[in-house]
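Note sheet for the following structure.
Fair warning: this is a prediction, and the values are worked out from it, not measured in the lab. For ligands, and for the atoms within them, numbers begin at 1 and follow the listed sequence. For the single chain, residues carry numbers from 1 onward in sequence order. Every heavy atom of this structure was used, including side-chain atoms; hydrogens, water molecules and symmetry mates were not.
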Amino acid sequence: MTIKNICCLGAGYVGGPTCSVIALRCPEIKVTVADLSKERIAQWNSDKLPIYEPGLDDVVKTCRGKNLFFSNDIEESILEADLIFISVNTPTKIMGNGKGRAADLKYVEGAARMIANIAKSNKIVVEKSTVPVRAAESIANILKANQKPGVTYQILSNPEFLAEGTAINDLLNADRVLIGGEDTELGRAAIEELCTIYQHWVPRKNIVTMNTWSSELSKLAANAMLAQRISSINSLSAVCEATGADVSEVARAVGLDSRIGSKFLQASVGFGGSCFQKDILNLVYICECLNLPEVAAYWQQVIDMNEYQKHRFTTKIIESCFNTLSGKNICILGFAFKKNTGDTRESPAIHVAKTLLDEGAFIRIYDPKVDREQIDEDLTNPQICEEPEVIRKRISIYDDAYNASKECHAIVLCTEWDEFIGLDYKQIYANMMKPAYVFDGRKILDHQALIEIGFHVQTIGKRL
Ligand code: UDX
Ligand code: ADP
């Protein structure tokens, strides 16, 4: 089989950018990204894409309507596809067995059932969403139990390693592409087909093939180990604050050891994003199910340290402001979980905002890329907020940092957007209540300059 048609189920943060880059690099292949959501597909077909990702607009503009299509016609997309990526959401379960930890595979299962019901020809089905180990087996079971005569399936695991904010670069210059499949003649042939697609732009030596379960576990392991580095440096940031050491200096010294390396050692208010917490919880759950409680406890600690870090940061804010925030205006700069994305999933800013609201503060939020509706949803969703209307009255959302910080008692920086570094802090200081505080949760500001202006400054991992 030569792949001429690709369908991707799920037009989210993974499916959208990944398939746009495949379309860019494989002009002879027709790529259709199909989603159940009419609104999402309409946005992908409009000038304002549903996700903000540097470089994505250009790629979509180049390919859309030529060999890249966004569609709600899932049936047609599956029928004509030779290869189908499953890139649907895999949130943490919110009820039942494994609640709060296990990955909810209902969307993956739904996608597999759709393929089984619709397909009339052979398909290579590729799981791209991060899934628990052996999820490919569940997909295979569903497909095989509903197999029509003459239709065969090969299931591959091809986890995506892109990070938001750098997705296009990560896709174009991937460190590695991982493909897991069955060690049978048909399995190897399917792996080869997928390799052929990536070989349009990824050197063959960077495409790693392995068995399906290793591939699935490698994705969880990579995310767990990245998050572990952040929790490790964050744990040391607490030691630095207690002793007078500077965590940036420690990170630099440690990172110069080539065995350790310098990346992912940036202490912060805590990690966020849709993957780290979800994947580690999932790993912890798997370990418990496999009767490996010590391993489960080890990885759980990475999450616990992240919670501790967020808690430590908000406690510092409250204690510095005379232990009361009641009636005070606090400006939150940045709401996304990192810079260069509009995504707020598991953003530490949500934890910070909620804690400050619980203390009775009025919060004024500015983020360059997060929509107002998203902030409102994150803070007043009835599932997490008992009195949405009361809380909503204490939240204001602004279009710039100057208005957001006016008459505030404190600025709390939660996302490391570059534009926050170059703000005119003298002007900001002049318009704030005194004493005026800055709590830099990302260690990006010039603290000495802020102190000279008159601010009381606190940051992570350093006494000022
Ligand atoms: C992560 C993985 O990096 C990616 O390979 C995987 O496919 C999906 O999960 P993502 O969550 O998009 O990507 O962003 P990432 O850059 O990993 O950042 C995650 C969180 O860690 C952010 O909140 C970021 O601010 C924080 N972080 C990152 C730190 O606090 N310190 C660091 O040194 C690095
Ligand atoms: P991710 O960050 O993993 O890409 P998102 O939540 O951004 O996750 O996107 C997942 C997308 O998958 C959503 O737009 C959702 O509507 C879509 N989806 C869920 N189930 C299906 C399905 N069976 N077929 C097509 N799309 C689906």
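- When the options Arg345, Glu109, Arg113, Arg40 are ranked by their closest heavy atom to atom 2 (O) of ligand 2, first place goes to Arg345.
- Every atom of ligand 2 is numbered from 1 in the order shown, and the set under 4.0 Å from a heavy atom of Gly12 is 4 (O), 5 (P), 7 (O), 9 (O).
- Using a 4.0 Å cut-off to heavy atoms of Gly10, the atoms of ligand 2 that qualify are 11 (C), 12 (O), 17 (C), 25 (C), 26 (N).
- The existence of a salt bridge linking Lys369 and Glu53 is excluded, since no basic side-chain nitrogen approaches an acidic carboxylate oxygen closer than 4.0 Å.
- Taking the six-membered ring where tryptophan is involved, the planes of Tyr198 and Trp201 are tilted, since the angle between them lies from 30° to 60°.
- Heavy atoms only, all atoms of each residue included: Ala116 and Tyr153 are closest at CA-OH, 3.8 Å.
- Against a heavy-atom cut-off of under 4.0 Å, Ala34 is close to the following atoms of ligand 2: 25 (C), 26 (N).
- In summary, the atoms of ligand 2 found under 4.0 Å from a heavy atom of Ala111, numbered by their order in the structure, are 23 (N).
- On a distance-only criterion, Tyr107 and ligand 2 share no N/O pair closer than 3.5 Å.
- For atom 19 (C) of ligand 2, the nearest protein heavy atom (residue, atom name, distance) is Asn89 OD1, 3.4 Å.
- Among protein heavy atoms, the minimum distance from atom 27 (C) of ligand 2 is reached at Val88 CG1, 3.6 Å.
- Taking 4.0 Å as the cut-off, Lys263 does not count as a neighbour of ligand 1 on heavy-atom distance.
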request  = Output, in order, the C-alpha distance, side-chain angles, deciding distance and verdict of salt bridge (charged side-chain N to carboxylate O under 4.0 Å, His left out) for Lys339 and Glu416.
outcome  = CA-CA 6 Å; Lys339 73 173 179 180; Glu416 72 282 23; over 6 Å; no
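- Of the protein's non-hydrogen atoms, Asn223 OD1, 3.5 Å is the one closest to atom 2 (C) of ligand 1.
- Closest to atom 12 (O) of ligand 1, if we only count protein heavy atoms, is Glu164 N, 2.8 Å.
- Under 3.5 Å, the side chains of Ser71 and Glu76 contain no donor-acceptor pair of N or O atoms.
- Under 4.0 angstrom from ligand 2, there are no non-hydrogen atoms of Ile51.
- On a distance-only criterion, Phe337 and ligand 1 share at least one N/O pair closer than 3.5 Å.
- Any N or O atom pair closer than 3.5 Å counts here, and Leu162 shares at least one such pair with ligand 1.
- The protein heavy atom nearest to atom 20 (C) of ligand 1 is Gly272 O, 3.5 Å.
- Contacts of Lys339 with ligand 1, taken as heavy-atom pairs under 4.0 Å, are absent altogether.
- A salt bridge links Glu307 with Lys310: the closest approach of a Lys/Arg side-chain nitrogen to an acidic carboxylate oxygen falls below 4.0 angstrom.
- Among the atoms of Ser274, none of the N or O lies under 3.5 angstrom from an N or O of ligand 1.
- Using 4.0 Å as the threshold, Arg442 has a heavy atom nearer than that to some atom of ligand 1.
- Summarising the local packing, NZ of Lys148 is surrounded by more than 12 heavy atoms from other residues, nucleotides or ligands at distances under 6.0 Å.
- When each of Thr90, Asn223, Thr92 is paired with Lys278, the side chain to side chain donor-acceptor pair (under 3.5 Å) condition holds for Thr90 and for no other.
- Listed by number with element, the atoms of ligand 2 under 4.0 angstrom from any heavy atom of Met114 are 23 (N), 24 (N).
- For ligand 1, the atoms lying closer than 4.0 Å to a non-hydrogen atom of Leu226 are 3 (O).
- The nearest protein atom to atom 30 (O) of ligand 1, hydrogens excluded, is given as Ser268 OG, 2.7 Å; this is a heavy-atom distance.
- The protein heavy-atom contact nearest to atom 8 (C) of ligand 1 is Cys275 SG, 3.4 Å.
- The number of heavy atoms from other shown groups lying within 6.0 Å of CZ (Arg372) is above 12.
- The two residues Gln199 and Ile207 have their closest heavy-atom pair at CG-CD1, 3.7 Å.
- Across Asp35, Leu9, Asn72, Val14, heavy-atom proximity to atom 16 (O) of ligand 2 is greatest for Asp35.
- Within the listing of ligand 1, atoms 6 (C), 7 (O) sit less than 4.0 angstrom from a heavy atom of Lys219.
- The nearest non-hydrogen atom to atom 21 (O) of ligand 1, considering only Tyr13, Phe271, Phe161, comes from Phe271.
- In this structure, atom 27 (N) of ligand 1 lies nearest to the protein heavy atom Ile230 CD1, 3.4 Å.
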request  = Applying side-chain hydrogen bond (donor to acceptor under 3.5 Å, both in side chains), run through Gln43 and Arg40 and close with a yes or a no.
outcome  = CA-CA 5 Å; Gln43 288 173 319; Arg40 223 171 215 201; 5.3 Å; no
Asp104 and Ile94: CA distance, side-chain angles, deciding distance, side-chain contact (heavy atoms from CB on, under 4.5 Å) verdict = CA-CA 8 Å; Asp104 192 339; Ile94 51 169; 5.8 Å; no
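- Close approach to Ile74 involves these atoms of ligand 2, each under 4.0 Å from a residue heavy atom: 24 (N), 25 (C).
- Under a cutoff of 6.0 Å and an axis angle of 45°, Lys219 and Phe161 form a cation-pi pair.
- Side-chain atoms of Ser214 and Asn211 form a donor-acceptor pair, as typed in the model, at a separation below 3.5 Å.
- Backbone and side-chain nitrogen or oxygen atoms of Lys338 are examined, and one is located within less than 3.5 angstrom of a nitrogen or oxygen of ligand 1.
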key: Evaluation steps, ring pair (Phe, Tyr, Trp, His ring centres under 6.0 Å), between Tyr398 and Tyr366   = CA-CA 5 Å; Tyr398 289 83; Tyr366 166 62; 8.9 Å; no
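- Between Lys462 and Glu249, no side-chain nitrogen of the basic residue sits less than 4.0 Å from a carboxylate oxygen of the acidic one, so the salt-bridge criterion is not met.
- Donor-acceptor pairing under 3.5 Å is recorded for the side chains of Trp417 and Asp367.
- Close N/O approach between Phe276 and ligand 1 is not found [any backbone or side-chain N/O within under 3.5 Å].
- Under 4.0 Å from ligand 2, not a single heavy atom of Ser129 appears.
- A 4.5 Å side-chain heavy-atom check between Ile115 and Leu9 finds at least one atom pair inside the cut-off.
- Nearest non-hydrogen protein atom to atom 31 (N) of ligand 1 is Gln266 O, 2.8 Å.
- Under 4.0 Å from ligand 1, not a single heavy atom of Arg229 appears.
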